[in-house]
Amino acid sequence: MTLIAVRPSLVAAAGLVGGFAAARYTGRREIGGVVFAVAGTLGARSWYSLAGPGTAAAMTALYATAMGVSHPLAKRLGAWPSVIAVTAATAVASELVGRGGPRI
C-alpha cells in the first residue's frame with residue numbers, strides 16, 4: 001500500500017479546524033475529538049519522520065496546547081477567529097520543522 005505524503009502542517013490544520021467544525025456542526029464534541037486525535041496521530045508520525053522524537057513530542061504538545069488555548073481565546077476573539085489563530089501558529093511551527101528535510 002502506498003501512502004500519499006501530506007505536509008504535517010496541513011494535517012495539523014485539518015485536525016484543529018476540522019475537529020472544531022465537526023464538533024460545532026454535529027453538536028457532538030466527541031466527534032470533533034476523534035478528528036483532532038486522528039490528525040494529531042498522523043501529524044506526530046510525520047514530525048517524527050522529519051525531525052526525530054524530541055521534535056515530534058514538542059510539536060505534538062504544541063498541537064494539543066493550541067486546542068486548549070483556543071477555548072479561552074475564543075472568549076476574546078470569537079470561536080472561529082480563535083481556531084484560525086491557533087491553527088496558523090501551529091501550521092507555521094510545523095512548516096519550520098519541515099524545512100529541516102527528512103531524517104536519515
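Predicted, not measured: the structure shown is a model, and the values here were computed from it. When reading the values below, keep in mind they use all heavy atoms of this one structure, side chains included, and skip hydrogens, waters and symmetry mates.
Scanning both residues, A44 and A56, for their nearest heavy atoms gives O-CB, 3.8 Å. Residues A22 and V35 share a closest heavy-atom pair of CB-CG2, 4.1 Å. When all heavy atoms of A79 and A74 are compared, the pair lying nearest together is CA-CB, 3.9 Å. Taking both residues in full, the closest heavy atoms of V69 and P72 are given as O-CD, 3.2 Å, listed atom of the first, atom of the second, then distance. In terms of heavy atoms, A39 sits closest to V11 at O-CG1, 3.2 Å.
Under the 3.5 Å distance criterion, the side-chain polar atoms of S94 are matched with a main-chain donor or acceptor of S9. Side-chain atoms of Y63 never come within 3.5 Å of backbone atoms of T41 as a donor-acceptor pair (strictly under, hydrogens ignored).
Under the 4.5 Å side-chain contact rule for hydrophobic residues, F36 and I31 do not share a cluster. In the hydrophobic cluster analysis, where Ile, Leu, Val, Met, Phe, Trp and Tyr join through side-chain heavy atoms closer than 4.5 angstrom, V34 is grouped apart from V17. Hydrophobic clustering places L42 together with L10 (ILVMFWY residues linked when any side-chain heavy atoms are closer than 4.5 Å, directly or through intermediates).
Using cut-offs of 30° and 60° on the angle between ring planes, the pair F20 and W80 is perpendicular.
Among V83, T90, I84, the single residue meeting the side-chain contact (heavy atoms from CB on, under 4.5 Å) criterion with T87 is V83.
Put simply, the side chain of P8 does not reach to within 4.5 Å of the side chain of V97, judged on heavy atoms.
Here the straight-line distance linking atom NZ of K75 with atom OG of S82 works out to 11.0 Å at 0.5 Å rounding.
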